[in-house]
Trainee: 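Before we start, here is the structure in question, set down as structure tokens.
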Amino acid sequence: MLFTLAHFSDVHLGPVSAGDILGSFRLKRLVGGASWHFRRRHLHVNHIADALRADILAARPDHIAFTGDLVNLAAQGEFERGQTWLQGFGAPDKISFVPGNHDSYVKNDHATGLGLLQPYTTGDGRQAEIAFPYVRLRRNIAMIGVSSAQPQALWRAGGQLGQDQLTALEGMLAELGKKGFYRAVMVHHPPLPGLAVARKALRDSAQFKTAIISAGAELVIHGHNHKAMHTELPTAKGMAHIIGVPSASLVDSGRHEGAQWHSFSIGRSKGVWQTTMSRRRWSAELGGFVDAGSVPLSHEKDRKANLHGS
């Protein structure tokens, strides 16, 4: 029986109010708030994000992965509205979340910020008390969430996992692989060197790449760049696919890739994992999401690397 995993990212839920900007003043919030009002509010629109949520729910996937940037300035009011928006997907055990840089835009009170989203970042069993990485097991599929979100300097939007997460992640991947699980890693930032410009990059991407090559993973999904990306990474255990999704709320302006979400159909045949990725993209003309094609993803160990963006 196939397992279907839906993936979306970078909702950037609006609006951004004066209270969000000035309620707990930070210079970065002021700059980010101005950017939202003069530019980003015309690019990221709630009705597209709402349509994406409805389209995912209509597809009835077995699980949903959300790789960050629910909000814009990490203000308390934004998280409260974001929590309500996420509740539209149903119970928290149906959707797994990892934060993005906008969810940690500035330092704030965890209880009134990311703490409101903790039900979506709680792992199973003994992992439930561990923040990141966390593991959720659904049938023979393991979702592993890591956090690259850290407050950044004024003009930076990068991230970092840190050695503790990287060590734990490598151990988890190795253990889950031995037990026969399909391993899907969720992270916000593009996780390999060269996939993002320096000021927006994951600082320890080289170490992440080493961990994946050593322990193996079938799928790594991310957001952040607001465009579709696909890189194949040969590992000691077979081919890992590193796949980024465009923003969940972005208008199709010609200069930017319009909103998309991805569906992964996962199965096993003759001892080998089989994955098919399908894309759904926003159509302004039709006012909804439409099929944008499917592609099989091979996990065979002997394939040569094929690095590309799409």
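Bear in mind the structure is a predicted one, so any value in this text is a computation, not a measurement.
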Trainee: List the steps and the verdict of salt bridge (charged side-chain N to carboxylate O under 4.0 Å, His left out) for Arg81 and Asp20.
Mentor: CA-CA 11 Å; Arg81 295 189 295 272; Asp20 297 330; 2.6 Å; yes
Trainee: Write down the atom of Ala6, the atom of Trp261, and the distance for their closest heavy-atom approach.
Mentor: CB-CZ3, 3.7 Å
Trainee: Find out whether His110 and Gln118 are in side-chain contact, i.e. whether some heavy atom of one side chain is under 4.5 Å from a heavy atom of the other.
Mentor: yes
Trainee: If you compare all heavy atoms of Ser147 against all heavy atoms of Gln165, which two are closest, and at what distance to 0.1 Å?
Mentor: O-NE2, 2.7 Å
Trainee: Determine, step by step, whether Thr275 and Glu218 satisfy the side chain to side chain donor-acceptor pair (under 3.5 Å) criterion, reporting the C-alpha distance in whole Å, the side-chain angles of both residues, the deciding distance to 0.1 Å, and the verdict.
Mentor: CA-CA 9 Å; Thr275 306; Glu218 284 63 52; over 6 Å; no
Trainee: How far apart are the C-alpha atoms of Leu219 and Val185, what are their side-chain angles, what is the distance that settles it, and do they pass the side chain to side chain contact (heavy atoms under 4.5 Å, CB included) test?
Mentor: CA-CA 6 Å; Leu219 184 65; Val185 181; over 6 Å; no
Trainee: With side chain to side chain contact (heavy atoms under 4.5 Å, CB included) as the criterion, how do Val98 and Val187 come out once you've worked through the C-alpha distance, each side chain's angles and the decisive distance to 0.1 Å?
Mentor: CA-CA 6 Å; Val98 295; Val187 61; 5.6 Å; no
Trainee: Applying a strict under-4.5 Å side-chain criterion to I, L, V, M, F, W and Y, I'd like to know whether Met186 and Val245 cluster together.
Mentor: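 No; tracing contacts between hydrophobic side chains, which count when under 4.5 Å, never links both residues.
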Trainee: Between Gln150 and Gln160, which heavy-atom pair has the shortest distance, and what is it?
Mentor: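 Looks like NE2-O, 3.6 Å.
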Trainee: Could you please spell out the steps behind the side chain to side chain donor-acceptor pair (under 3.5 Å) verdict for Glu78 and Asn72?
Mentor: CA-CA 8 Å; Glu78 286 189 294; Asn72 299 281; 3.2 Å; yes
Trainee: Quick check, are the ring centers of Phe8 and Phe89 under 6.0 angstrom apart?
Mentor: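 Yes; Phe89 has its ring centre under 6.0 Å from that of Phe8.
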Trainee: Any non-hydrogen side-chain atom of Leu202 less than 4.5 Å from a side-chain atom of Ser148?
Mentor: yes
Trainee: Decide side chain to side chain contact (heavy atoms under 4.5 Å, CB included) for Thr276 and Val295; before the verdict, give the C-alpha distance in whole Å, the side-chain angles of both, and the deciding distance to 0.1 Å.
Mentor: CA-CA 6 Å; Thr276 298; Val295 60; over 6 Å; no
Trainee: Does some side-chain heavy atom of Ile242 sit less than 4.5 Å from a side-chain heavy atom of Met229?
Mentor: no
Trainee: Find out whether Val251 and Val45 are in side-chain contact, i.e. whether some heavy atom of one side chain is under 4.5 Å from a heavy atom of the other.
Mentor: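 Heavy-atom side-chain distance check passes, below 4.5 Å.
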Trainee: Would you mind checking if Lys209 and Asp204 are paired as a salt bridge, meaning a charged N to carboxylate O distance below 4.0 Å?
Mentor: no
Trainee: Tell me, do Phe181 and Ile141 make a side-chain contact under 4.5 Å, heavy atoms counted?
Mentor: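 No; the side chains remain at least 4.5 Å from each other.
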Trainee: To check you understand the geometry: which heavy-atom pair defines the closest contact between Asp62 and Leu2, and what is its length?
Mentor: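 Nearest heavy atoms, Asp62 then Leu2: OD2-O, 3.8 Å.
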Trainee: Ser278 and His262: side chain to side chain donor-acceptor pair (under 3.5 Å), yes or no, with the steps?
Mentor: CA-CA 6 Å; Ser278 301; His262 295 163; over 6 Å; no
Trainee: In sequence, state the C-alpha distance, the side-chain angles, and the governing distance for His241 and His230, and then conclude on ring-ring contact (aromatic ring centres under 6.0 Å, His included).
Mentor: CA-CA 7 Å; His241 292 268; His230 182 187; 5.1 Å; yes
Trainee: Would you call Asp291-Arg280 a salt bridge at under 4.0 Å N-O?
Mentor: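 So Asp291 does not pair with Arg280 through a salt bridge.
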Trainee: Does anything in residues 267-286 form a ring pair (Phe, Tyr, Trp, His ring centres under 6.0 Å)? List the pairs, not counting sequence neighbours.
Mentor: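 Matches after skipping sequence neighbours: His47-Trp282, Tyr182-Trp273, Trp282-Phe289.
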Trainee: Is it the case that one hydrophobic cluster holds both Ile221 and Ile266, taking links as side-chain heavy atoms less than 4.5 Å apart, direct or via other members?
Mentor: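 Cluster IDs for Ile221 and Ile266 match.
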Trainee: Please check if Leu43 and Leu70 belong to a single hydrophobic cluster, counting links between Ile, Leu, Val, Met, Phe, Trp and Tyr side chain heavy atoms closer than 4.5 Å.
Mentor: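 Yes, same cluster.
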Trainee: For the side-chain contact (heavy atoms from CB on, under 4.5 Å) test, which of Val135, Val146, Thr167 pairs with Met172?
Mentor: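 Filter result, single survivor: Val135.
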Trainee: Answer yes if the ring centres of His12 and His226 are under 6.0 angstrom apart, and no otherwise.
Mentor: yes
Trainee: First locate atom CG of Asp93, then atom OG1 of Thr122, and finally report the distance between them rounded to the nearest 0.5 Å.
Mentor: 11.0 Å
Trainee: Within the structure provided, determine whether Ser298 and Met239 are in side-chain contact (heavy-atom separation under 4.5 Å).
Mentor: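 A side-chain contact is absent here, since even the closest heavy-atom pair is not under 4.5 Å.
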Trainee: Counting C-beta onward and ignoring hydrogens, is there a side-chain heavy-atom pair between Leu195 and Thr231 closer than 4.5 Å?
Mentor: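 Yes, close enough: below the 4.5 Å cut-off.
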Trainee: Determine the minimum heavy-atom distance between Phe208 and Leu192, stating which atoms define it.
Mentor: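 Closest heavy-atom pair between Phe208 and Leu192: CD2-CD2, 4.4 Å.
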Trainee: Taking a hydrophobic cluster as the set of Ile, Leu, Val, Met, Phe, Trp and Tyr residues connected by side-chain heavy atoms closer than 4.5 Å, whether directly or through intermediates, do Phe79 and Tyr105 fall within one such cluster?
Mentor: no
Trainee: If every non-hydrogen atom of Ile144 is compared with every non-hydrogen atom of Leu173, which pair is closest and at what distance?
Mentor: CD1-CD2, 4.0 Å
Trainee: Return yes if some donor-acceptor pair links the side-chain N/O of Asp69 with the main-chain N/O of Val11 below 3.5 Å, else return no.
Mentor: no
Trainee: More than 12 heavy atoms of other residues, nucleotides or ligands under 6.0 Å from NZ of Lys28: yes or no?
Mentor: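 It does: Lys28 NZ has more than 12 such atoms within range.
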Trainee: Identify whether Phe66 and Leu5 are in the same connected component of the hydrophobic contact network (ILVMFWY, side-chain heavy atoms under 4.5 Å).
Mentor: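 As far as the 4.5 Å side-chain criterion goes, Leu5 and Phe66 are not connected within one cluster.
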Trainee: Say whether, by atom type as modelled, one donor and one acceptor occur between the side chain of Asp103 and the main chain of Val71 under 3.5 angstrom.
Mentor: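 Answer holds: yes.
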Trainee: I'd like to know whether CG of Asp164 has more than 12 heavy-atom contacts from other residues, nucleotides or ligands below 6.0 angstrom.
Mentor: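 Result for CG/Asp164: open.
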Trainee: Give the ring-plane orientation class for His189 versus His224, where under 30° counts as parallel, over 60° as perpendicular and anything between as tilted.
Mentor: tilted
Trainee: Do Gln260 and Arg281 have side-chain N/O donor and acceptor atoms under 3.5 Å apart?
Mentor: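 Note: Gln260 and Arg281 side chains miss the donor-acceptor criterion.
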Trainee: Return yes if a side-chain donor-acceptor contact under 3.5 Å exists between Ser247 and His44, otherwise no.
Mentor: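 Indeed, the side chains of Ser247 and His44 share at least one donor-acceptor pair under 3.5 Å.
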Trainee: Rounded to the nearest 0.5 Å, how far apart are OG of Ser249 and CG of Leu13?
Mentor: 8.0 Å
Trainee: Do Ile243 and Leu297 make a side-chain contact, defined as non-hydrogen atoms from C-beta onward lying under 4.5 Å apart?
Mentor: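 Yes, their side chains come closer than 4.5 Å.
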Trainee: Test side chain to side chain donor-acceptor pair (under 3.5 Å) on Ser35 and Arg40; report intermediate values, then the result.
Mentor: CA-CA 6 Å; Ser35 174; Arg40 294 174 67 92; 4.9 Å; no
Trainee: Regarding Trp85 and Asp50, is there a side-chain donor-to-acceptor distance under 3.5 Å anywhere?
Mentor: yes
Trainee: With side chain to side chain contact (heavy atoms under 4.5 Å, CB included) as the criterion, how do Leu137 and Leu176 come out once you've worked through the C-alpha distance, each side chain's angles and the decisive distance to 0.1 Å?
Mentor: CA-CA 10 Å; Leu137 305 179; Leu176 290 164; 3.9 Å; yes
